Visitor: 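Below is the structure I would like to discuss, written out as structure tokens.
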Amino acid sequence: MSTIAKPTVKTYQNYINGQWVASSSGETFPVFDPSTEETIAHVASATAADVDKAVKAARAAFDSGPWAQTTAQDRGRILFKIADKIRQNTAMLAELETRNCGKPIVEAEYDLADVATCFEYYGGLANKVTGHVNPVPANALSFTLREPVGVAAQIIPWNFPLLMAAWKLAPAIAAGCTCVLKPAEQTPLTAMELANWFAEAGLPPGVVNVVNGLGEVTGAALVAHPGVDKVAFTGSAAVGKIIVKSAADTLKRVTLELGGKSPNVFFADADWEAAVDGALFGVFINQGEVCSAGSRVLVEKKIYTKFVEAMTEKAKRIKLGPPLDRDTKMGPLVSKEQYDRVTSYLEIGKKEAKTAIGGGRAKAFGKGYYVEPTIFYDVQNSARIAREEIFGPVASVIPFENEAEAIRISNDTPYGLAAAVWTRDIYKAFRVVKSIRAGIVWVNHMQPTYVEAPWGGYKQSGFGRELGPWGLEEYLETKQVFVNLDEAPIGWY
Ligand code: NAP
Ligand code: MG
């Protein structure tokens, strides 16, 4: 068991216009440690009136505050200062993240390194935004200016809490936007700690605001607010659809990073050890609470039986435990709600397919939302466990006959976030890469994610891209400027 002392139960307010402010209703909601089910904090619920205050602060900071006068270099330096604070406080933030969402501490430390790297990356990119000179056939100078899109509403999920905040805030700040961030109700704590450093890093009041509360109240008020120019959302496809409809009323720009049912495809000629490892890592990392989880494991029939056996044997060694223990490889699911959701899919899976391992609550733990790593096999791609995003440690193994069938099954899904293919044959690897309709395809690996490369989905996995220069683009407008160099009148009338 972990020996780290329990922190005191803090109450967090919302961060609006550079101030910590209580909810206008006076209400708070509890935040839990999913490994103990104990309350670890209380957070002020932002009402529609609080959201209005936050959007107005962001609007004023964008329209008339000193922010508009900052240079790209200033914004870059602010982002580097935020990154420094994160690096100096990694241990505290990683522990808080683990307590709040249940992910193993070692994984939280990786996340924190990625969070700092994300702020550094966009700090470096801030002053590399350039326009074009357009060769128009006129005695004129035509060029483009890149300008910030305005006030961004940013709504994020609970699986990588601070990393998702970084993916949203860093490019927006680099672009010169102002932000209202709404963390997931389950996991607001690290984002609130981050807000402590905004002013010190040089962000003027109102540039970044953080409001907490229920999606249906706080999130919905934010998306509907006419003062918002753009909504950036990561979460479920169901909520993504609600957001698009609501944002349509004021024609806000929308980017969506939704879920998936990503295929992880294994051909018989793949490196055996790496493949078995990759099948497990692809679906069980972060308790399977990963939008790009390789939750459909497609295996060539020639190796199918042996592969399922090898996966099962290795899965027995996955160490479930208190997430603050350094040797824990799988912690509890984030919440009671998610535990209920995942275990209901386990019941469905037991009827739809065969169970190789797992299938229920991890019984060694009296408390906490622990679920056994579960492998279902002989799964039909038409089964619910092959079509619906479960967002837990559940693999659906599906056999295939040949390359054409592997491609057909891979693409037979409403989603298109990610995929992976494992083979030693480079011709086959690239044919599959080209044939799969997904925003990210890995070859002989699954899940490595870098801020330098784009992230986002095809089909119902969303639209728009995060990370890299693509992520910055989503926070920029393009202004065309035409400068007439011909002094003569137009002479039309
Ligand atoms: P979710 O409901 O889509 O939540 C994502 C974010 O949207 C949260 O901040 C949520 O607030 C907010 N939200 C919810 N309803 C809203 C609305 N009507 N208007 C504006 N914002 C709203 O996801 P969830 O309930 O936490 O998890 C359910 C399922 O979503 C998971 O099982 C999984 O399939 C999927 N999911 C996908 C990802 C991903 O990375 N693609 C991440 C997390 C979950 P609340 O915190 O109050 O809900
Ligand atoms: Mg929710």
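Predicted, not measured: the structure shown is a model, and the values here were computed from it. Just so you know, ligand 1 is whichever comes first in the structure, and atom 1 is the first atom listed for that ligand.
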Visitor: Verify the neighbour count for atom CD of Glu37: are there more than 12 heavy atoms of other residues, nucleotides or ligands below 6.0 Å?
Guide: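 Counting neighbours around CD of Glu37, more than 12 heavy atoms of other residues, nucleotides or ligands fall under 6.0 Å, so yes.
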
Visitor: To check you understand the geometry: which heavy-atom pair defines the closest contact between Leu181 and Ala191, and what is its length?
Guide: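 Between these two residues, the closest heavy atoms are CD2-CB, 4.2 Å.
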
Visitor: Would you call Glu347-Lys351 a salt bridge at under 4.0 Å N-O?
Guide: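 Salt bridge absent between Glu347 and Lys351.
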
Visitor: One thing to verify: whether Arg59 and Asp229 come together as a salt bridge, which I'm taking to mean a side-chain N less than 4.0 angstrom from a carboxylate O.
Guide: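 Yes.
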
Visitor: Should Arg387 and Glu352 count as an ion pair when the cut-off is N to O under 4.0 Å?
Guide: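 Looking at Glu352 together with Arg387, the answer is no, because their closest N to O distance does not fall below 4.0 Å.
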
Visitor: Check whether Phe284 forms a cation-pi arrangement with Lys329 (NZ or CZ under 6.0 Å from the six-membered ring centre, at most 45° off the ring normal).
Guide: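 No, Lys329 does not lie over the aromatic ring of Phe284.
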
Visitor: Check ligand 1 for close polar pairs with the protein: N or O on both sides, less than 3.5 Å.
Guide:
| residue | atom | partner | partner atom | Å |
| --- | --- | --- | --- | --- |
| ligand 1 | 3 (O) | Ser236 | N | 2.8 |
| ligand 1 | 3 (O) | Ser236 | OG | 2.6 |
| ligand 1 | 9 (O) | Ile156 | O | 2.8 |
| ligand 1 | 9 (O) | Lys182 | NZ | 3.2 |
| ligand 1 | 11 (O) | Lys182 | NZ | 3.1 |
| ligand 1 | 11 (O) | Gly215 | N | 3.3 |
| ligand 1 | 19 (N) | Gly215 | O | 3.4 |
| ligand 1 | 26 (O) | Trp158 | NE1 | 2.5 |
| ligand 1 | 32 (O) | Gln338 | OE1 | 3.4 |
| ligand 1 | 32 (O) | Gln338 | NE2 | 3.2 |
| ligand 1 | 32 (O) | Arg341 | NE | 2.8 |
| ligand 1 | 32 (O) | Arg341 | NH2 | 3.3 |
| ligand 1 | 34 (O) | Glu389 | OE1 | 2.8 |
| ligand 1 | 41 (N) | Gly235 | O | 3.3 |
| ligand 1 | 41 (N) | Leu258 | O | 3.2 |
| ligand 1 | 46 (O) | Glu185 | N | 2.7 |
| ligand 1 | 47 (O) | Glu185 | OE1 | 2.4 |
| ligand 1 | 47 (O) | Gly215 | N | 2.6 |
| ligand 1 | 48 (O) | Glu185 | OE1 | 3.3 |

